[in-house]
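I have placed the structure first, in the form of structure tokens, so that the comments after it can refer back to it.
Proteins come first, then strands; the chains are lettered A, B, ... in the order of their sequence lines, and each starts at number 1.
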Amino acid sequence: MPSPGPVITRFAPSPTGHLHIGGARSALFCWAFAQRAEMEHRARGGTAGGGGRFMIRIEDTDQARSSEESARGILEDLAWLGIEWDDGPRLDYEPFAQAKDGPAPPTLARGARRTIGAEARDVGSYFQAQRAAAGIYNAYIESLVKAGRAYPAFETPEQTEAMRREFVARKQTFKYPRPADVLPGVFNEARWARARKGDRHVVRFLMDADAVVVHDQVLGDVRIAPGEVDDFVIRKADGFPTYHFAVVIDDELMGVTHVLRAQEHLANTPRHVAMQRALTRLDTGEPFRHPVYAHMPLIFNMDGTKMSKRDKAKTARKAVKDAIAKDRSITVATLAPALGVAEKDLAGFIAADNDSIDIAAALAGRLNVNLPEIEVYDFRRNGYLPEAIINFIALLGWNPGMKLDDGKDLEKFDRDFLARHFAIDRIGKTNAKFDRAKLLSFNSDYIGKLSDAEFAARWRAFLAEYEPEALAALFRSPGGHAGATGIDRFALLASTIKPRAKTLRDGLTAARFALVADGGYEFDPKAMDKLRAGNGVDLLGQARQRLAGLGAPDWAPATVHTLLEQLARQLGLPEGNAGVGQLAQPLRVAVTGTAVSPGIAETLAILGRESTLTRIDRCLAAAAV
RNA sequence: GGCCCCAUCGUCUAGCCUGGUCUAGGACGCUAGGUUCUCAUCCUAGAAACUGGGGUUCGAAUCCCCAUGGGGUCACCA
């Protein structure tokens, strides 16, 4: 039996921004599908790369909107998620979140540089703009024109638009009317000559008259009646191929066997199938193949709207409007300079004339609001773990359909599991809503599952990347005093933060007490009232005296705890933790200003002797007023 | 509007293909308890769904039809 060749899947983003979370899922499924094929191939003793390959292709045919930075950003986002491609653009990068335990200076210790992707299969560039420059598409355009399956059209965009409006006015669906001189299967020499002369034109595909059936692995056969699809543009006036055309050419030339993509592309697929029927390879003379199609359900916001980066602008716009309404001193004139943007731009943003994400981000920082995460990068900088995101998005429109021993559904799994078990027949058909609450739950679960050392390393790497000042502050003893010797304050802090952090970022909230200076926090009035009401002040004084007797070198959770236990006993408080608890609350208020903190012994140990005593004294003074 | 796709708790979903084992299971969220020095973690319990109507069948969440609802798509964007 001839070897069937590898399964080849592809993810083909257009580089016009960061990687959208929905795109990440498409990439993940394509990756998993190829991975599984490769694994099974190797299990049968096959050679590496011969069973399944995952490819990235950059669809940068939109000259105006594409950028190299976006392309790189998307590749980095994929790398961060751990979705690595076998074929595609080369990415040299420094692995993320690899900071390990190290000496005090809070620098981000990057791992060794890595490279993903290589132009290994000799299929040319993975950038469509470069492929266009190499003449790949034009050669096929010409072959189609010569075969009478495509033709130049000379209407200007304005003319086409006018035609469209006429149709709409008559309540008809616009379909480009094929010119009378264009005949199927007949090379229109006159038009071609005029085009070659340099007249501005587009090239349209001459749609065939037969029905098109898309055999979709998820949705089943989808039949489109003849005449439903008009003669669409395959080459723009600027000489670049349209998406539809470039996709069909490249998928064939790059040997793509399986196309897994979002359902929004389903309606485009008949065009692709029709072109595949009409095209013949220029190198081998073989007809184009039809890849296997699988369209997956879409992902929406909880309110049913599309998840788009404009949501960020919307959120920021609402926030700034609220702020202006609430506080008269806030105006466009005062805000703009503070944000570092032009007044005109800010006014335009508020008026919804523009949706600048830069302004949205500046506003969010200024007004202290959280923008919705839409792109992978947003999740990353807000402290989500890639494994949580992978797991969560894998469940949007797919599930393994397996039960755990206790009868519950298996829903927590990693990339490797997905690679082993992913199958198209378990892709669902119904659109999903992106439930951030569940993602958050997944994220805190994954944080909880990390060992203390791992969490400390990853939290530290995260802070080094996105909150370097906070990290630096955590490495300083709050009051500038020498920290306890013999304990790693950061590790201790991290271990107490871990169960309290739903994201790496919000771990900072729980760590606030360790971040502020000894005199840098307010005492919560309610907590202070409570302190004064009972015998809190007295207990606090007693505790202070006792703690003062504990030398800085002994300042560790266990010793502090023992000391408090002993004190509780001496004061005739209830046995065990209940007694410690009566001491804990006043102490907690004293050293954090609030009634909430990690365990009191850990809290005090993290603060160290000098800070603790300083803070207690400050509280005692405040309570006496 | 034309064409196409879809339809189980608030949300993600299992079950549907191969009708009975479904008084429809799990997870998140929610509610109520419990553990704990506060908070968080953790544990237990509870409320919560087969869109509607016809049909097929001894029997339908599961098969068929219609209605309704939701979505996608109709660019010289991808």
Base, sugar-phosphate, or nothing for A/Val202, non-hydrogen atoms under 4.0 angstrom?
base
Nearest-Å distance for atom pair CZ/C1', residues A/Arg271 and B/C3
11 Å
Examine A/Arg235 relative to A/Tyr137 and say whether NZ or CZ is less than 6.0 Å from the centre of the six-membered ring and inside a 45° cone about the ring axis.
no
For B/U41, which nucleotide in any strand shown is its Watson-Crick or wobble partner with both distances under 3.5 Å?
none
Checking A/Arg505 against A/Phe462: charged group under 6.0 Å from the ring centre and within 45 degrees of the axis?
no
Does A/Lys530 have more than 12 heavy atoms from other residues, nucleotides or ligands lying within 6.0 Å of its NZ?
no
Which of the following nucleotides, B/C4, B/C28, B/C76, is nearest to the side chain of A/Val233?
B/C76
Using the C1' atom as the point on both nucleotides, what is the distance between B/A45 and B/A60, in whole Å?
33 Å
Remember a base hit wins even if backbone is also touched, and classify A/His244 as base, sugar-phosphate or nothing at under 4.0 Å, heavy atoms.
base
If you assign each of A/Glu158 and A/Glu264 to its closest nucleotide in RNA chain B, which residue comes earlier from the 5' end?
A/Glu264
Interatomic distance at C1', B/U62 relative to B/U56, whole Å:
13 Å
Need one value for A/Phe300: base, sugar-phosphate or nothing, where a base atom within 4.0 Å counts as base even if backbone is also close, heavy atoms only.
sugar-phosphate
Going by modelled atom types, is there a donor-acceptor pair between the base of B/G70 and the side chain of A/Asn431 at under 3.5 Å?
no
Whole-angstrom distance between B/C30 and B/A48, as gauged at atom C1':
9 Å
Strictly below 4.0 Å: does A/Lys236 bring a side-chain N or O up to OP1 or OP2 of B/C77?
yes
Spell out yes or no: do the side chain of A/Lys438 and the base of B/A27 have one donor N/O and one acceptor N/O closer than 3.5 Å?
yes
By the 4.0 Å heavy-atom rule, please label A/Leu396 as base, sugar-phosphate, or nothing.
sugar-phosphate
Taking atom C1' of B/A27 as reference, at what distance in whole Å does atom CD1 of A/Ile393 sit?
18 Å
Does atom CZ (A/Arg178) have a neighbourhood of more than 12 heavy atoms from anything else shown, all under 6.0 Å?
yes
Closest approach to the side chain of A/Ser14, judged atom by atom: which nucleotide of B/U11, B/C4, B/A78 is it?
B/A78
In whole Å, what is the span from the OH atom of A/Tyr446 to the C1' atom of B/U41?
18 Å
Using the P atom in both, what is the distance from B/A61 to B/C9, to the nearest Å?
15 Å
Does a nitrogen or oxygen in the side chain of A/Arg436 sit under 4.0 Å from OP1 or OP2 of B/U11?
no
Of the candidate nucleotides B/A40, B/A75, B/A14, which contains the atom at the shortest distance from the side chain of A/Asn399?
B/A14
Please pick, from B/C6, B/G26, B/C3, the nucleotide with the shortest atom-to-atom distance to any side-chain atom of A/Ile224.
B/C3
Watson-Crick or G-U wobble partner of B/U68, both distances under 3.5 Å:
B/A7
Using atom P of each nucleotide, how far apart are B/G19 and B/A75 to the nearest Å?
44 Å
Using purine N1 to pyrimidine N3 plus N6-O4 or O6-N4 for Watson-Crick, or N1-O2 and O6-N3 for G-U wobble, both under 3.5 Å, which nucleotide pairs with B/A61?
none
Measure from the side-chain heavy atoms of A/Thr173 and tell me the nearest of B/C74, B/C12, B/C6.
B/C74
Which is true for A/Pro598 with a 4.0 Å heavy-atom rule: it touches a base, it touches only sugar-phosphate, or it touches nothing?
base
Does the side chain of A/Lys408 get closer than 4.0 angstrom to OP1 or OP2 of B/A27 through an N or O atom?
yes
Is the phosphate of B/A75 approached by A/Arg165 (side-chain N or O, under 4.0 Å from OP1 or OP2)?
no
Looking only at atom P, what distance separates B/C74 and B/C16, rounded to whole Å?
35 Å
Across the strands shown, which category fits A/Gly599 at heavy-atom distances under 4.0 angstrom: base, sugar-phosphate, nothing?
base
Does the ring of A/Phe442 carry A/Lys412 above it, NZ/CZ under 6.0 angstrom from centre and within 45° of its axis?
yes
Using the closest heavy atom to pick a nucleotide of RNA chain B for each, name whichever of A/Arg500 or A/Glu155 lands nearer the 5' end.
A/Arg500
Where the side chain of A/Phe442 is defined as all heavy atoms beyond and including C-beta, which of B/A27, B/A78, B/G26 is the nearest nucleotide?
B/A27
Does the ring of A/Phe11 carry A/Arg57 above it, NZ/CZ under 6.0 angstrom from centre and within 45° of its axis?
no
Nearest-Å distance, CG (A/Leu298) to C1' (B/C4)?
13 Å
Over all strands shown, is A/Ala437 touching base, sugar-phosphate only, or nothing at heavy-atom distances under 4.0 angstrom?
sugar-phosphate
Minimum-distance nucleotide (side-chain atoms of A/Arg65 versus B/C77, B/U11, B/C76):
B/C77
Expressed as a whole number of angstroms, how long is the span from A/Leu410:CG to B/U13:P?
16 Å
Residue-phosphate contact under 4.0 Å: A/Thr61 side-chain N/O, B/A78 OP1/OP2:
yes
Measure from CZ on A/Arg223 to P on B/C4 and round the result to the nearest Å.
9 Å
Taking the minimum atom-to-atom distance to the side chain of A/Asn268, which one of B/U73, B/C77, B/G29 wins?
B/U73
Residues A/Glu166, A/Lys171: salt bridge by 4.0 Å N-O rule:
no
Roughly how many Å apart are B/U8 and B/C63, using the P atom of each and rounding to a whole number?
13 Å
A/Asp405, CG: over 12 other non-hydrogen atoms inside 6.0 angstrom:
no
Which part of the nucleic acid, if any, lies within reach of A/Arg57 when heavy atoms closer than 4.0 Å are counted: base, sugar-phosphate only, or nothing?
nothing
What is the separation between atom NZ on A/Lys433 and atom P on B/G70, rounded to the nearest whole Å?
11 Å
If I take atom CZ in residue A/Arg588 and atom P in nucleotide B/A40, what distance separates them, rounded to the nearest angstrom?
12 Å
By the 4.0 Å heavy-atom rule, please label A/Ala595 as base, sugar-phosphate, or nothing.
base
Is A/Arg164 positioned over the aromatic face of A/Phe167, cation under 6.0 angstrom from the ring centre and no more than 45 degrees off axis?
no
Closest to side chain of A/Val596, choosing from B/U38, B/A14, B/G10:
B/U38
Looking across every strand, which nucleic acid part, if any, lies under 4.0 Å from A/Thr430 by heavy atom: base, sugar-phosphate, or nothing?
sugar-phosphate
Would you measure the distance from the P atom in B/C39 across to the matching atom in B/A32 and give it in whole Å?
15 Å
Between the base of B/C76 and the side chain of A/Arg200, is there a donor and acceptor pair under 3.5 angstrom?
yes
Could you let me know what B/G1 is paired to, Watson-Crick or G-U wobble, both distances under 3.5 Å, or none if it's on its own?
B/C74
A/Asp409 has a side chain; which of B/G25, B/C28, B/U11 sits nearest to it?
B/G25
Count the heavy atoms belonging to other residues, nucleotides or ligands that lie under 6.0 Å from CZ of A/Arg426, then report whether that count exceeds 12.
yes
